[in-house]
There are 2 protein chains.
Amino acid sequence: MTEKSCGPVARTVLQQCLQARLQVKPADEHSEAQFVQIDRGMVIYICFFKGATDDILPKMVSTLLNLRLCESGSGKVVSVTELPGSLLIVPQATLGGKPKGRAMQYHNNISKEDGLRLYSTFVSLCEKELAAAASAGGGAQVAVKHGTYGNRQVLKLDTNGPYTQLMEF
Amino acid sequence: MTEKSCGPVARTVLQQCLQARLQVKPADEHSEAQFVQIDRGMVIYICFFKGATDDILPKMVSTLLNLRLCESGSGKVVSVTELPGSLLIVPQATLGGKPKGRAMQYHNNISKEDGLRLYSTFVSLCEKELAAAASAGGGAQVAVKHGTYGNRQVLKLDTNGPYTQLMEF
């Protein structure tokens with residue numbers, strides 16, 4: 001019980017990219033697969049746990065978008081909003097896995113409905129925060145792209161060093 | 001003090017790949033950049049913390065290589081040795097970051113010398129374990145490739161879903 005109430009309610013893994021491309025709709029008999037793509041920026045893999053609520057989202061977004069995690073052209077470490085860079089948000093339920101024997105279990109992951117709701121709000125808040133920063137910074141061409149919740153996240157990543165970070169909330 | 005003695009001594013992030021390519025030597029005036037590459041398999045991003053010793057390495061390797069994290073051609077979830085798949089090991093000191101204000105700090109990361117030694121042994125143990133499994137499985141063509149400790153890890157990743165996992169030891 002103690003572990004649950006003290007543990008994080010959201011886990012993110014962050015990677016820097018030069019370009020990242022993510023499938024948002026697989027091919028079917030009627031149409032080809034659809035993709036979204038960003039250039040220079042940050043990939044946010046995200047997973048919510050049981051107990052996560054909307055309350056944590058503003059702080060999460062503010063932290064992730066303002067932490068100095070990105071290397072600027074001059075080698076200075078700046079935030080993704082200062083870079084300015086784009087965001088690719090990838091829902092990643094596997095981040096909630098805990099090993100039991102040789103298998104992974106996901107008992108602590110949030111329900112699909114609640115997860116989708118939190119994920120959608122998280123994406124919206126990122127869009128707002130990045131747009132506000134870009135507008136304040138002179139209207140840089142940055143974008144927030146995101147994967148389809150619950151889908152397979154077919155991803156292609158090109159980096160100049162991913163500088164992988166873990167951030168829990 | 002309590003936190004330190006209870007916390008993990010190594011953090012890994014795992015991603016599945018169809019292909020991954022990593023720079024192991026940057027270009028200089030005499031030669032072009034050098035890269036290693038794997039096809040189907042798993043990328044292991046790894047960071048050691050203060051207090052990590054050689055004792056933990058056999059268990060780490062055995063766990064990471066035998067956990068069922070990979071999707072086989074038939075859709076079954078199997079370990080990377082059962083797949084059989086290759087390994088790309090990427091030293092990733094950023095995984096030890098903790099935010100202080102807007103900056104990341106790395107006070108809990110192991111010293112460079114100890115980190116390099118543990119990393120080298122970790123790579124060797126992975127090579128042995130994967131070779132043993134491949135030989136038992138009929139000599140499948142799998143490989144262990146790895147980044148140069150302390151360098152920038154220029155990485156290109158192609159996935160059919162990274163299925164990102166966090167494993168701490």
Side-chain angles (χ1 to χ4, degrees), chain A residues 8 11-23 26 43 45-47 62-69 71 77-79 81-82 90-106 147 151-169, chain B residues 8 11-23 26 43 45-47 62-69 71 77-79 81-82 90-106 147 151-169:
Chain A
R11 178 171 290 156
T12 61
V13 166
L14 314 168
Q15 293 188 313
Q16 304 302 312
C17 72
L18 298 175
Q19 193 166 75
R21 193 176 87 134
L22 180 69
Q23 183 181 282
V43 181
Y45 305 90
I46 186 165
C47 177
S62 163
T63 301
L64 294 174
L65 271 57
N66 291 297
L67 265 179
R68 298 197 193 99
L69 299 167
E71 194 186 30
V77 182
V78 300
S79 72
T81 53
E82 290 166 336
V90 182
Q92 195 81 150
T94 46
L95 276 178
K98 280 189 185 170
K100 177 164 186 185
R102 296 181 52 218
M104 295 303 284
Q105 292 189 328
Y106 299 90
N151 271 22
R152 173 190 294 267
Q153 305 297 322
V154 176
L155 176 73
K156 214 172 206 171
L157 193 66
D158 192 4
T159 81
N160 192 27
Y163 294 96
T164 313
Q165 299 270 3
L166 172 72
M167 284 292 297
E168 294 179 326
F169 298 89
Chain B
R11 178 170 291 156
T12 61
V13 166
L14 314 168
Q15 291 188 315
Q16 305 301 312
C17 71
L18 298 174
Q19 193 167 75
R21 192 176 90 135
L22 181 69
Q23 183 181 282
V43 181
Y45 306 90
I46 186 165
C47 176
S62 163
T63 301
L64 295 173
L65 271 58
N66 291 297
L67 265 178
R68 297 197 194 99
L69 298 167
E71 194 187 32
V77 182
V78 300
S79 72
T81 53
E82 290 167 336
V90 182
Q92 195 81 150
T94 46
L95 277 178
K98 279 189 187 172
K100 177 164 185 183
R102 295 182 53 218
M104 296 302 285
Q105 293 189 328
Y106 299 90
N151 272 21
R152 174 189 293 267
Q153 306 297 321
V154 176
L155 175 74
K156 215 172 205 170
L157 191 67
D158 192 3
T159 82
N160 191 27
Y163 294 97
T164 313
Q165 298 270 0
L166 171 72
M167 284 291 297
E168 293 179 326
F169 298 91

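Each chain gets a letter, A, B and so on, in the order its sequence line appears, and its residues count up from 1.
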For chain B, the option from A:Thr164, A:Asp158, A:Leu157, A:Leu67 that forms the most heavy-atom pairs under 4.5 Å = A:Thr164
Heavy-atom pair with the smallest gap, counting every atom of B:Pro162 and A:Gln153 | CD-O, 3.1 Å
Do A:Glu82 and B:Arg102 come within less than 4.5 Å of each other through their side chains, counting heavy atoms only?
-> yes
Per-residue contact mode, B:Gln23 against chain A (heavy atom under 4.5 angstrom) = neither
In terms of heavy-atom pairs under 4.5 Å with chain B, the winner among A:Thr94, A:Val90, A:Val13, A:Thr63 is A:Thr94
Ranking B:Gly96, B:Cys17, B:Gly147, B:Ala103 by heavy-atom pairs under 4.5 Å to chain A gives rank one to B:Ala103
Quick one: pull up NZ in B:Lys156 and CD in A:Gln19 and give me the separation to the nearest 0.5 Å.
-> 9.0 Å
Heavy-atom proximity to chain B below 4.5 Å, by part of A:Gln92 | side chain
Given a strict heavy-atom distance threshold of 4.5 Å, which part of B:Leu69 is in contact with chain A: side chain, backbone, both, or neither?
-> side chain
If you round to the nearest 0.5 Å, how far is CE of A:Met104 from CZ of B:Arg68?
-> 12.0 Å
What pair of heavy atoms forms the shortest contact from A:Leu166 to B:Leu95, and how long is it?
-> N-CD2, 4.3 Å
Given side chains that start at C-beta, do those of B:Arg152 and A:Glu71 come closer than 4.5 Å, heavy atoms only?
-> yes
Could you please spell out the steps behind the side-chain contact (heavy atoms from CB on, under 4.5 Å) verdict for A:Gln15 and B:Gln15?
-> CA-CA 12 Å; A:Gln15 293 188 313; B:Gln15 291 188 315; 3.6 Å; yes
For A:Arg11, which residues count as a salt bridge (Lys or Arg N to Asp or Glu O under 4.0 Å) partner, sequence neighbours excluded?
-> A:Glu168
Please look at A:Gln16 and chain B and tell me whether the side chain, the backbone, both or neither of the residue comes under 4.5 angstrom of a heavy atom of that chain.
-> neither
Of all residues at least two apart in sequence or in a different chain, which pass the side-chain hydrogen bond (donor to acceptor under 3.5 Å, both in side chains) check with B:Thr81?
-> B:Ser79
Backbone N/O of A:Val154 and side chain of B:Thr159: donor-acceptor pair under 3.5 Å | no
Atom group of B:Tyr45 that falls short of 4.5 Å from chain A, counting heavy atoms | side chain
